[in-house]
Each structure stands twice: as C-alpha cells, then as structure tokens.
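Below you'll find the structure, written out as structure tokens, and then a few comments.
Lettering of chains follows the sequences in order, A, B, ..., and the numbering in each one begins at 1. Remember, it's a predicted structure, so these values are computed and weren't measured experimentally.
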Number of protein chains: 2
Amino acid sequence: MFAVIMAGGSGTRFWPASRKSKPKQFLNITGSGPMVVETCNRLQPITADEEILLVLGEAHLPIAQDLFKGRKVHMVGEPMGRNTAPAMGIGAVYARHLGCEAPVAFLPADHHIGDQQALLEALQAAQELARSGGIVTLGIVPDRPETGYGYIRQGPGHGRFRGLPAYEVREFVEKPDGERARDYLASGEYYWNAGIFVATPETIMRETERHLPHLHQALLRLKDALATPEFATEFRSVYQDLTSMSFDYGIMEKTREPVYVIPCSCGWSDVGSWASLYELREKAHDRDGNLVEGDALLMDCSGSFVSGAAGRAVVCLGLDNCLVVDTPGALLVARMDRSQEIKKVVDTLKRMQREALL
Amino acid sequence: MFAVIMAGGSGTRFWPASRKSKPKQFLNITGSGPMVVETCNRLQPITADEEILLVLGEAHLPIAQDLFKGRKVHMVGEPMGRNTAPAMGIGAVYARHLGCEAPVAFLPADHHIGDQQALLEALQAAQELARSGGIVTLGIVPDRPETGYGYIRQGPGHGRFRGLPAYEVREFVEKPDGERARDYLASGEYYWNAGIFVATPETIMRETERHLPHLHQALLRLKDALATPEFATEFRSVYQDLTSMSFDYGIMEKTREPVYVIPCSCGWSDVGSWASLYELREKAHDRDGNLVEGDALLMDCSGSFVSGAAGRAVVCLGLDNCLVVDTPGALLVARMDRSQEIKKVVDTLKRMQREALL
C-alpha cells in the first residue's frame, strides 16, 4: 500500500524542544524514536520503504535523509508550507508518477498510535473500500469527551471491508465545547478526525479539480515538471502563488464524492501539546504523577513534567502541575494546563523578531 | 573605626546562583554590586580601607583579592568554616595585632542596609558606649512580625550615646512563632538580632577566655604565629580542632559582661532567601509583581522571580508565586514560598555527591 506521510508541520506547541530547524515530527518526544520514523516503521507490514513518500519542508530534507539513511523512502521538499491540501495533492501526483493507481494512505507524521495492528487493519479495509472510488477516512473511536479534536459524524452503514464496518460520513464537525463533546461521546455516532485519509491519486486529483481549481492547475504543472531539472524552480514558483488550505476544509467539507468512515480504536493521539504528551506517557510517571527526563531532581513536586535536555541539572521544589523544558538555547517554565498556549509564545517571539529562538 | 567583616558564609539558600566556589557574599544579588564590597563601601565615611579586615574562607581569597584590587583591605582566609565565634576571635586578634585597642565593629558581609547613615550613626554610638567595656549589639527596630529572625529583648535604659538611646539587653531569644512575633512587635521591647556587634578586642578575648576556653587557647596560639611564616600551617592545625560555634550561642547568651543594645532603623535585611530578595527589590517589580533579570519573557505571570543569568532565553507562561533561577550549570524552579527549603536541596545534592553542582 502506497503511503504519503505529511511531515510539513511546524510543531510550535512543542517549543522549545520543537524548533523551526527541527520541528516535532523529527524529535523523539514519545521516547520511541523520531516520530516520522515511527510513523513509517509502523506501516512496514503493509508498505515497503519504496512505497513511502515523505512530504516535508525542503529545509528539513537533510534531517530526513539522515534519519532514513540507507532506506529507499521517497521525499519531496516543499519550498514553503501551504497546509495539507497542496501536500496531499503533491503526494497524489508523486504516487501516480511512481505508477501507483491503487488507493493511497495519507497520514500525518507526528501522531502516536498505541495499537499498530488496529491501524493497519483499518488502513487495509479503507484501501479495499476506496478502490471503488470515494474518500475514506479513519474515525478514531473516542474514549473521552475531548474538546481539542474535530469530529466525524457517521451516516448509514456501508457494508464491511476485511471484516470492519464502514459508514457514510454525515458531517465533519469542528472542535466542540465540553457539553457537546459529552453528547458526541454518548451518542456513539461520532469519531475523532485524525487527518488520516485513503483515496486513489485519481480521486484526489478529481476532487481538487472540482473544489480547488487553482491548486489543481498548480498540480498539473508540477506533474509535468516532476522528472525534469526544472522541477525545483517550478515547485517554488507554483507554491509561492498557492494559498494555505487544509484538505479537511478545502475538500472534505465540500465534496459531493462519497465519503466514508471506518471506525478504528488504535490508541491514537495527535500528541498536540506537552500536556497530551504527559498524559500519553502515564506509565512513565512516578508515584507523584511526575514525568521526568534528563538530569532532574524533584523535591515535593506533583503532576509535573520536567524535561532536562540541555545536559544541565534541573532542580524543582514544591511544584504542582508545572512544565519545565530545558534546552540548550531556551528554557520554558509553564503551567501544564496552559500548554496549548505555547503557540502564542512562539507567535510573540516571532513578533519580537527573536529568530534564533524560533 | 576598625571593622571586621565576616564573609565566611556558604549562602546555600541562594543556590544555584550561590555556589561553594562563589557564595552569596561575593555575588551581586541586590543589583548594587557584590555584597561584601557593598558592606565595606558603606563603612567608608567612618572606616578607612586599611581599618577593614575580611575574614573569609581561604578558597575565596582570590575572588576577594580581585574584588578589592588596589585597595588596602586586610584579609584572613580561614582554612575551614567554624562559624562566627572563631571568626570574630581571629578578627579581634588581628585587629589587636594591627594596633587597634578601640572598639571594633563586627559585621556580616551579606546583609542589605537601606539607610547607610542610620547604620553609621548607630555604629559610632555603639563604639562610644563600648569604650567603657561590655559588648554592644545593634537592635534592628522591627516593622513586621517576622518569624525568620532571632530577637533581642531590651532591659533598663543605659543613657544616650551620640544622641542615641542605649539599653541593657534582657535576653536573646530564638526565632519565634507567628503569635509570639506579633507580641514582640506590639510590645516595642524587642529588636531583630542582625549579628552586628561592637566591642574592644580585649573584651572579645576576655569573654572568649571565660566561655570558650578551648577557642581562647587557639586564638593565643594564632596571635603568636600571626606575623610568622608558620601562620598558615598553624591556622590549619588550630582550626581543625575547633568545633563550630556561633558568637550568639557561645558568648552572647552566656556572658555576665554587660551587654547593651542600640536600636537602629537602617532598612536592614539579612537577604536570607530568594523570597526575601524578591521582597527587598519591590521597586523593581513589574505591575504584576514579577521581578525579572536577564533575557526573560513572561506571559500571564504574577508574583514570580525569574533570574536568567545563563545567557539563554527564559520563557514563563501562566506562573504565579514561582522562582526560576537559570545559571549555566544548573536550573532551579521552585515555589517562591518554599525558598527557605533550598538549603535542603543543597543538602540533598551533597548526599548525592553531586560535587559539580555545589
């Protein structure tokens, strides 16, 4: 099964560990290796390295080449970030160029999957379903009324594929408030949108043509330039004129193509903040609920996450619900329950033109 | 007026800024220069440099020599710390050796004085009183029911010296609990014990002979060795056998010599913790009550003290009542109201044999 791994994110909510020069997907934040490598490795039972395409920022090609040294993973370096619609578009073009006509899996590079087998089974079911057209998305079965994710609401059943039930998608819904999230969970009709899609390159191109014609024109130009020496120049010139657009917003919410969801309980997390990483790694907590990395001494602390990656000693005294991330160039100390707002910190540093810290 | 500056403290409560190799009294923590230099400078109107003796740890002689380069301040480097009774004893011996028979001021090197004039007037009054014998201590007029200091209770009046009233001392009392501290404040009879004493070298020696005969023997040996090449060897051998003893406990609480107190409102603080430094520097607080040093960005923080002395950017988000001290070798993050316990942190690091961090 061909897979397009979208590794173009900026990961600002993991500042200061995640930096412009080496964002989240290239970091080993879950403790089991760089996320993008993990994402590729977990596909190995169904996807050979030469069937993987990484779409990433061109500035990160050297890091990725280093991480995948000796492996035949394909890479395409975007001259600038334009969100997922262009990234999936270039993925579809590239997959087609490599001779792939079957449904392709599009997956974010920086998510955590607890149950590899469940993911692979759902992807294979999705592939079977997508052969006959349409776009299939995996719907993560929620286990809590999470307000930080978008949801997918299921419609009528659409049969079984490799033993797994599929449903038509009734609607994609934005992040809900707490009350609504509890209703969603209780109804059993809603799934988390993990941004994982399966469709043939042809379907992606056709949908792009229908809903994002400007992007479609750009992709056609790139398709023609793909194996030529002009590709890099063309890529830059084409991308410069594109507007940023997510696949969810630009295509999924508008398409009249049949859209399906296959429910999946694969221990998924988008690892979207330090707080979610802290929760994800619950097994590594000490008895006071602290998660500690590096040379750190905690005295009378609880519910805190201390990451001492700067090779210096970190001592914490009397902290509760705190986040301490020590890196060689910058130090962050925050209340853990404010970790979603670290994006604002990065925005502020940007406004302050603190380039060295981004 | 001859002055003995006691600069042998370890300043562990200011870890990690204060380290074994450069403790608190050599740091510029109040923002107006190294504390020991400030302590000497504020005496200048009444004490020439050549009338100053610094008693400090021998390991810190190079730092002190550097800080007082080109100045004629005397220094004696103790081979090991033995608390204030031996330090004041060697101060008395040394002062006598330099020809001083008049009352000497003994002052800690690491305290803050807001009102220099008030201190100098009290010291001069104390000197006049001490000429006729006895030990005079300055009593800091309390302005709050502080539980972190020892107190001095006044007895009957003992006249006026240079216009300032003096009292016999009724008793020295240990750090009180909150209720007692409020009673002390209300009574008007109690003063904070700042560890500032004025007495002739002869009085110090006589009192030492009476109450600490072992120390007295040691001081006599040192007196004989003072100008000889054997002094360093003798100093070490004599000090090795001494037990640590504070002047308060070893002499003041036992003496039958007349002991006097001269009340003094000189804006004194022992700057005994990060929290007390934070309070002392109230004028430098921002409108949310944060005190910030170095390259630090605070977002939505209050009542916090962030000291970024490591040349790295420190970003704090959503903190309240927090202390962040970033130094090149170690980082401390603590609740500000736990800053008294930093001493325990240092004890723990000692037990863990983390020598490089001490």
Side-chain angles (χ1 to χ4, degrees), chain A residues 13 15-16 19 273-275 294-302 304-352 354-358, chain B residues 13 15-16 19 273-275 294-302 304-352 354-358:
Chain A
R13 271 174 296 190
W15 190 88
R19 307 291 273 270
S273 66
W274 287 109
D295 182 11
L297 170 67
L298 274 66
M299 292 179 74
D300 207 8
C301 293
S302 58
S304 293
F305 183 178
V306 179
S307 171
R312 301 185 315 152
V314 180
V315 174
C316 298
L317 172 65
L319 303 181
D320 178 46
N321 179 41
C322 266
L323 169 66
V324 179
V325 184
D326 189 31
T327 73
L331 164 68
L332 173 73
V333 184
R335 273 179 59 127
M336 182 99 81
D337 55 14
R338 303 288 294 267
S339 74
Q340 286 285 348
E341 297 170 51
I342 290 168
K343 206 173 146 48
K344 284 191 212 162
V345 167
V346 178
D347 290 342
T348 303
L349 292 172
K350 212 174 280 178
R351 263 202 317 281
M352 293 167 77
R354 297 293 304 265
E355 285 302 318
L357 298 176
L358 298 176
Chain B
R13 271 176 295 191
W15 189 89
R19 306 292 273 271
S273 66
W274 287 109
D295 182 10
L297 170 67
L298 275 65
M299 293 178 73
D300 207 8
C301 292
S302 57
S304 292
F305 184 179
V306 179
S307 171
R312 301 184 315 151
V314 180
V315 173
C316 298
L317 171 65
L319 304 180
D320 177 47
N321 180 40
C322 265
L323 170 66
V324 178
V325 184
D326 188 32
T327 72
L331 164 68
L332 173 72
V333 184
R335 272 180 59 127
M336 182 99 81
D337 54 14
R338 304 287 294 267
S339 75
Q340 287 284 347
E341 296 170 50
I342 290 168
K343 205 172 146 50
K344 283 192 213 162
V345 166
V346 177
D347 290 343
T348 303
L349 292 172
K350 212 174 279 180
R351 264 202 317 281
M352 293 167 76
R354 297 293 304 263
E355 286 300 320
L357 297 177
L358 298 177

**Request:** Heavy-atom pairs under 4.5 Å with chain A are the metric here; pick the option from Ser339(B), Ala356(B), Pro328(B) that has the most.
**Result:**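 So the answer, after comparing Ser339(B), Ala356(B), Pro328(B), is Pro328(B).
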**Request:** List the atom of Cys316(B), the atom of Val306(B), and the distance in Å for their closest heavy-atom pair.
**Result:**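 The pair with the smallest heavy-atom distance is SG-CG2, 3.8 Å.
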**Request:** Examine whether an atom of Val324(B) lies under 4.5 Å from a heavy atom of chain A, and if so say whether it belongs to the side chain, the backbone or both; otherwise answer neither.
**Result:**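 It is the side chain, since no backbone atom gets that close.
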**Item:** Pro16(B), part contacting chain A, at a heavy-atom distance under 4.5 Å
**Value:**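 Neither part; nothing is under 4.5 Å.
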**Asked** Who wins among Thr327(A), Leu323(A), Leu349(A) for the most heavy-atom pairs under 4.5 Å with chain B?
**Response**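 Top option by heavy-atom pairs under 4.5 Å: Thr327(A).
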Min side-chain heavy-atom separation [X]-[Y] under 4.5 Å:
X         : Y         : value
Met352(B) : Leu357(B) : no
Val346(A) : Lys343(A) : no
Leu297(B) : Arg354(A) : no

**Item:** Member of Leu331(B), Asp295(B), Leu332(B), Val333(B) meeting the side-chain contact (heavy atoms from CB on, under 4.5 Å) criterion with Asp326(B)
**Value:**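 Between Asp326(B) and the candidates, side-chain contact (heavy atoms from CB on, under 4.5 Å) is satisfied uniquely by Leu331(B).
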**Message:** Please classify the contact between Ala310(A) and chain B as side chain, backbone, both or neither, with a heavy-atom cut-off of under 4.5 Å.
**Reply:**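 Only the side chain of Ala310(A) comes within 4.5 Å of chain B.
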